[in-house]
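See structure below.
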There are 2 protein chains.
Amino acid sequence: MSGTEERELVAKWRDLSTCYNNVACDLDRELQDQHGLGLSEFEALDRLIESGQDKLRMHELAEGMYLSQSAFSRTVARLERAGLVGRSMCMDDRRALFVTATDAGRSRHAEARDTHRKVLAHHLG
Amino acid sequence: MSGTEERELVAKWRDLSTCYNNVACDLDRELQDQHGLGLSEFEALDRLIESGQDKLRMHELAEGMYLSQSAFSRTVARLERAGLVGRSMCMDDRRALFVTATDAGRSRHAEARDTHRKVLAHHLG
DNA sequence: AGACGTTACATGCACGTGCATCAAATGCAC
DNA sequence: GTGCATTTGATGCACGTGCATGTAACGTCT
C-alpha cells in the first residue's frame with residue numbers, strides 16, 4: 001500500500017468518524033435535553049414502533065441495533081422503568097420476552113421523532 | 001418533509017452508524033488484542049507521531065480528536081502510564097504540558113500502524 | 001426419560017466517557 | 001499595581017457499555 005493510499009484511507013476514516021460523532025453527539029444531546037431519552041433508548045423505541053408490530057421479542061428488536069446483548073437488555077430495562085415500554089411473557093417460548101410500547105411510549109416517541117428527524121436533516125440533508 | 005425523505009434520511013443515518021460501529025469495533029478489538037492499545041490511545045499516539053513535531057501541547061494534540069477534554073486527558077495519562085509518551089512542562093506557558101512520544105511509543109506505534117491500516121483497508125478499501 | 005448442547009435474557013464487574021468542578025497560570029482592563 | 005474573566009489541564013462522579021457468567025427454558029440425540 002502506497003503512502004498516498006494510506007493517507008486517503010486514514011482521511012476517509014477520520015471523516016467517517018467525525019461525521020458519525022457529530023451526529024451521534026448532537027442527537028443524543030437533543031433527545032436527552034428535550035425528551036429525556038438517550039440515543040439508544042430512542043433507537044430501540046423507534047424500531048419497536050416503526051416495526052408496525054405491536055409486540056416483538058427482545059431478540060427481534062435487538063437485531064440491527066449496534067449494541068451488545070447486555071447493553072440492549074439494560075436499554076429496554078430503562079425504557080420499562082420510564083414507563084415507555086412493557087415486557088410480557090411469551091407463551092410459545094418461555095425464555096423469550098415480548099416488548100410492547102405503552103401509550104406513554106408512543107406519545108413520547110411521537111414528540112422525539114421530530115427532533116430526531118430534524119437533527120438528521122441538519123447534518124445529512 | 002415527506003415520508004420518503006424521512007425514511008431515506010433514517011436509512012442514511014443507520015448506514016453511517018452501522019459502518020462506523022463496525023470499523024470502530026473491529027479496530028478497537030484488533031489494536032487491543034494485538035498491541036494492547038485502545039482506539040483512542042492509538043489515535044492520540046498516531047496523531048502525535050504523524051504530526052512530525054517532537055512535542056505538542058495537550059491542547060494542540062486534542063484538536064480534531066472526538067473526545068472530551070477530560071477523556072483526552074485520561075487517554076494521555078494511560079499512554080504515559082504505559083510508557084509510550086512523556087509529559088513535560090512548557091516554560092512559555094506554565095499551564096500547558098508538552099506531550100512527547102517515547103522510543104517505546106514510537107515502536108509500538110510502528111507495529112500497531114500496520115494493523116490499523118489493514119483494518120481500514122478491509123472495511124473502507 | 002435422561003443427558004447435553006443451545007438459545008434467551010439478566011447481572012456482576014471493570015472501564016472509558018461526559019459533565020461539572022477545581023487549581024493554577026495567564027491575559028486584560030482599570 | 002489590583003481585580004476578574006479566560007485558558008489549561010486534572011479529578012470526582014454518575015452512567016452506559018462490553019465481557020464473562022449465571023439462570024432458565026428450549027431442542028436433540030440416544
Side-chain angles (χ1 to χ4, degrees), chain A residues 17 20-33 36-45 48 55-82 84-100, chain B residues 17 20-33 36-45 48 55-63 65-82 85-100:
Chain A
S17 176
Y20 171 80
N21 281 293
N22 279 335
V23 181
C25 231
D26 207 0
L27 213 45
D28 194 60
R29 191 185 322 275
E30 295 291 315
L31 288 171
Q32 190 69 54
D33 290 353
L37 286 174
L39 181 51
S40 55
E41 278 144 55
F42 175 81
E43 206 77 38
L45 192 57
L48 174 58
K55 49 186 180 177
L56 283 178
R57 286 176 166 81
M58 290 280 284
H59 196 256
E60 293 171 327
L61 184 53
E63 267 179 10
M65 286 210 44
Y66 277 79
L67 274 185
S68 67
Q69 184 268 322
S70 68
F72 177 74
S73 174
R74 288 186 234 252
T75 298
V76 175
R78 286 193 298 277
L79 284 172
E80 186 182 36
R81 222 175 301 135
L84 304 177
V85 305
R87 283 187 280 196
S88 55
M89 304 290 295
C90 169
M91 287 315 175
D92 294 4
D93 183 346
R94 290 170 51 199
R95 294 168 300 183
L97 286 181
F98 279 128
V99 189
T100 52
Chain B
S17 177
Y20 171 80
N21 281 292
N22 279 335
V23 181
C25 233
D26 206 1
L27 213 45
D28 194 60
R29 191 185 321 275
E30 294 293 313
L31 289 171
Q32 191 67 56
D33 289 354
L37 285 173
L39 181 50
S40 55
E41 279 144 55
F42 175 81
E43 208 76 38
L45 192 56
L48 175 57
K55 50 184 180 176
L56 283 179
R57 286 176 166 80
M58 289 281 285
H59 196 255
E60 294 171 327
L61 183 53
E63 269 178 10
M65 284 211 44
Y66 277 81
L67 272 185
S68 67
Q69 184 269 325
S70 67
F72 177 75
S73 173
R74 289 185 233 252
T75 298
V76 175
R78 285 193 298 275
L79 284 171
E80 187 182 37
R81 220 174 304 135
V85 305
R87 282 188 280 195
S88 56
M89 303 292 293
C90 169
M91 287 315 176
D92 294 3
D93 183 344
R94 290 170 51 200
R95 294 168 300 182
L97 286 181
F98 280 129
V99 189
T100 51

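We use all heavy atoms of the structure for the numbers below, so side chains are in, but hydrogens, waters and symmetry mates are not. Each chain gets a letter, A, B and so on, in the order its sequence line appears, and its residues count up from 1.
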Reported CG-to-CG distance for the pair A:D26 and A:N21, which is rounded to 0.5 angstrom: 12.0 Å
Donor-acceptor pair under 3.5 Å, A:S70 side chain vs D:dC19 base: yes
Interatomic distance where CZ belongs to A:R57 and P belongs to C:dC9 [whole Å]: 8 Å
A:S40 side-chain N/O to D:dT17 phosphate OP1/OP2 under 4.0 Å: yes
Residues A:Y66, B:N22; criterion side chain to side chain contact (heavy atoms under 4.5 Å, CB included); working and verdict: CA-CA 9 Å; A:Y66 277 79; B:N22 279 335; 3.3 Å; yes
A:R57 and A:L97, any side-chain heavy atoms less than 4.5 Å apart: no
Qualifying residue for side-chain contact (heavy atoms from CB on, under 4.5 Å) with B:L45, from B:V76, B:V85, B:V99, B:L61: B:V85
B:R78 CZ to C:dT17 C1', straight-line distance once rounded to whole Å: 9 Å
Separation of atom CZ in A:R29 from atom C1' in C:dT17, rounded to whole Å: 13 Å
side-chain N/O B:S68 vs C:dG16 OP1/OP2, d < 4.0 Å: no
Spacing between B:L67 atom CG and C:dC19 atom C1', to the nearest angstrom: 14 Å
Residues touching DNA chain C, which here means a heavy atom under 4.0 Å, drawn from residues 88-100 of chain B: B:D93, B:R94, B:R95
Working for side chain to side chain contact (heavy atoms under 4.5 Å, CB included), residues B:Q32 and B:R29: CA-CA 5 Å; B:Q32 191 67 56; B:R29 191 185 321 275; 5.8 Å; no
Separation of atom NE2 in A:H59 from atom P in C:dT6, rounded to whole Å: 15 Å
Side chain to side chain contact (heavy atoms under 4.5 Å, CB included) between B:C90 and B:K55, intermediate numbers included: CA-CA 10 Å; B:C90 169; B:K55 50 184 180 176; over 6 Å; no
Separation of atom CD in B:E63 from atom P in D:dT8, rounded to whole Å: 9 Å
Any donor-acceptor N/O pair under 3.5 Å between D:dA10 base and B:Q69 side chain: yes
Nearest-nucleotide comparison on DNA chain C, the residue closer to the 5′ end among A:S73 and A:C25: A:S73
Interatomic distance, B:Y66 OH vs C:dT17 C1' [rounded to whole Å]: 17 Å
Criterion side chain to side chain contact (heavy atoms under 4.5 Å, CB included) on A:L79 and A:L48, from CA distance to verdict: CA-CA 12 Å; A:L79 284 172; A:L48 174 58; over 6 Å; no
For atom CE of B:M58 and atom P of D:dT11, their distance in whole Å: 11 Å
